[in-house]
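Before any comments, here is the structure.
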Amino acid sequence: MNIYHGTTRIVENRRVAQDLWSVRFEAPAEEIYTPKPGQFVMLRVPGCRAPLLGRPLAIYRVVEPTWQVVYAVVGEGTRLLARQLPGMAIEFWGPLGNGFPIDETCQNPVLVAGGIGQTPLYLLAQAFLNRPGVEKVTLLLGCRDKAHLACVEDFQALSPDRLELRIATDDGSMGHPGFVTDLLSDAIREAPHLYTCGPLPMLKKVAAFAVSRGIPCHVSLETPMACGMGICFTCVTKCKADTPQGWDYCRTCTEGPVFDAEKILF
């Protein structure tokens, strides 16, 4: 895998919803591969010692020669990132991880996002819509309230006719009042392929739903990471394995962040 590590320039850094920001930065296309849907990048403010480590963030969109990342401001690292202005430097390494497998037989994929889980799904939706024979892509998008909804217009612009967007909010301020997983049964008609990213309890419920109906499902984990390249073993998750105990640890950064839902021990 060709991983770039260096410093580049921020093109845009703006607020897109409550506590959510979008940063777009230059990527040296001649030195790195185009990211696959579901891959991520490690970002850090150069010269900063606190925090020292980069932050793993899904690659949201590619508009050459730039990559875009949508991130939630939750700690000192992301608060510092939100204060950076266009023209300032940003250090990154990537693309990292394995990405989502594209099911070439699936004509109606269903994408399920919770919280900020839509960020690795934009490139996936785009990839499916660019494939001949795909009839429709359904995105189920859930968050706590209307103020935290982000990226809705971007997804709608992909294909007004072939992308179906259904929204759920915990407080009922927009769309279905309740969890996004409440929308699963109605969205599943012809046993498509499920792709999902979001909080662990949501992923567990989506995975159980898929297994109970024999539907293929791939999950993207939001596990905290330190290096992003499999060196430090801080992002391990339990996976089924042919071992005496029946499981082993997988590194989310290299063997994931995307896993077959049946492999993960939630």
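These numbers come from the heavy atoms of this one structure, side chains and all, not from hydrogens, waters or symmetry mates.
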Please name the pair of heavy atoms, one in Met42 and one in Leu96, separated by the smallest distance, quoted to 0.1 Å.
CG-CD1, 3.5 Å

Inspect the surroundings of CD in Gln245 and state if more than 12 heavy atoms from other residues, nucleotides or ligands are less than 6.0 Å away.
yes

Donor-acceptor contact present, side-chain Asp182 to main-chain Gly178, <3.5 Å:
no

Considering only heavy atoms from C-beta outward, does the side chain of Cys151 approach that of Val16 to under 4.5 Å?
no

Do you know the tightest heavy-atom contact between Pro224 and Cys235?
O-CB, 3.3 Å

Approximate separation, where rounding is to 0.5 Å, of Ile90 CD1 and Thr7 OG1:
8.5 Å

Interatomic spacing from CD in Gln68 to CG in Asn13 - rounded to 0.5 Å:
10.5 Å

Any side-chain heavy atom of Asp145 within less than 4.5 Å of one from Asp170?
no

Worked verdict on Leu183 versus Ile167 for side-chain contact (heavy atoms from CB on, under 4.5 Å):
CA-CA 9 Å; Leu183 306 177; Ile167 294 172; over 6 Å; no

Which heavy atom of Pro192 sits nearest to which heavy atom of Pro216, and what is that distance?
O-CD, 3.8 Å

So does Asn130 have more than 12 non-hydrogen atoms from other groups sitting under 6.0 Å from CG?
yes

Are the side chain of Asp103 and the backbone N or O of His193 linked by a donor-acceptor pair below 3.5 Å?
no

Separation of Cys217 SG from Asp260 CG (nearest 0.5 Å)
8.0 Å

Do you know the tightest heavy-atom contact between Gly47 and Arg44?
N-NH1, 4.0 Å

Is the shortest side-chain heavy-atom distance between Ser220 and Phe259 below 4.5 Å?
no

For the CD1 atom of Ile10 and the CD atom of Glu26, what is their distance to the nearest 0.5 Å?
10.5 Å

Can you tell me if Arg162 has over 12 outside heavy atoms packed within less than 6.0 Å of its CZ?
yes

Pairs meeting criterion ring-ring contact (aromatic ring centres under 6.0 Å, His included) with involvement of residues 130-183, two or more places apart
Tyr122-Phe155

Common cluster, Val74/Leu81, ILVMFWY with side-chain heavy-atom separation under 4.5 Å:
no

Should Val11 and Val23 be regarded as members of a common hydrophobic cluster, given that ILVMFWY residues are connected when their side-chain heavy atoms come within less than 4.5 Å of each other, either directly or indirectly?
no

Between the side chains of Ser22 and Glu12, is a donor N or O closer than 3.5 angstrom to an acceptor N or O?
no

Compute whether any side-chain donor of one residue and acceptor of the other, for Asp19 and Tyr71, lie under 3.5 angstrom apart.
no

Search all heavy atoms of Ile59 against all heavy atoms of Pro35 and return the closest pair with its distance.
CD1-CB, 3.6 Å

For the side chain of Asp248 and the backbone of Ala241, is there at least one donor-acceptor N/O pair under 3.5 Å apart?
no

State, with a plain yes or no, whether a side-chain heavy atom of Leu165 is found less than 4.5 Å away from one of Val152.
yes

For the residue pair Gly99 and Val258, what are the closest heavy atoms and their distance?
O-CB, 3.4 Å

Aromatic ring proximity Tyr60/Phe40, centre distance under 6.0 Å
no

Salt-bridge present (Arg166, Asp186; N to O < 4.0 Å):
yes

Less than 4.5 Å apart, side chain to side chain, heavy atoms only: is that true for Leu194 and Val206?
yes

Taking it one step at a time, do Phe25 and Leu43 satisfy side-chain contact (heavy atoms from CB on, under 4.5 Å)?
CA-CA 10 Å; Phe25 55 92; Leu43 288 183; 4.0 Å; yes

Looking only at side chains, do Ser159 and Asp161 share a donor and an acceptor under 3.5 Å apart?
no

Does Val180 reach the side chain of Thr169, with side-chain heavy atoms less than 4.5 Å apart?
no

Before accepting this row, confirm whether a basic side-chain N of the pair Arg61/Asp154 lies closer than 4.0 Å to the acidic partner's carboxylate O.
yes

Please tell me whether Phe266 and Leu184 are part of a single hydrophobic cluster in this structure, the criterion being side-chain heavy atoms less than 4.5 Å apart.
yes

Glu262 backbone acceptor or donor facing Lys240 side chain under 3.5 Å
yes

Could you walk me through whether Val45 and Gln84 pass side-chain contact (heavy atoms from CB on, under 4.5 Å), step by step?
CA-CA 8 Å; Val45 176; Gln84 304 308 297; 4.0 Å; yes

Is there side-chain contact between Leu139 and Leu121, with heavy atoms separated by less than 4.5 Å?
yes

Apart from Tyr249 itself, members of its ILVMFWY cluster (side-chain separation under 4.5 Å) are Phe233, Val236, Trp247, Leu265

If we ignore hydrogens and angles and just use 3.5 Å, is the side chain of Gln118 paired with the main-chain N or O of Gly114 as donor and acceptor?
no

How long is the span from the CD atom in Glu91 to the OG1 atom in Thr8, to the nearest 0.5 Å?
11.5 Å

Just wondering, do Leu141 and Cys143 contact through their side chains at under 4.5 Å, heavy atoms?
no

Side chain to side chain contact (heavy atoms under 4.5 Å, CB included) involving Leu53 - partner list, sequence neighbours excluded:
Arg55, Ala226

What's the spacing between Leu203 CG and His218 NE2 if we round to 0.5 Å?
13.5 Å

Phe100 and Tyr195 aromatic ring geometry - parallel, tilted or perpendicular at 30°/60° bounds:
perpendicular

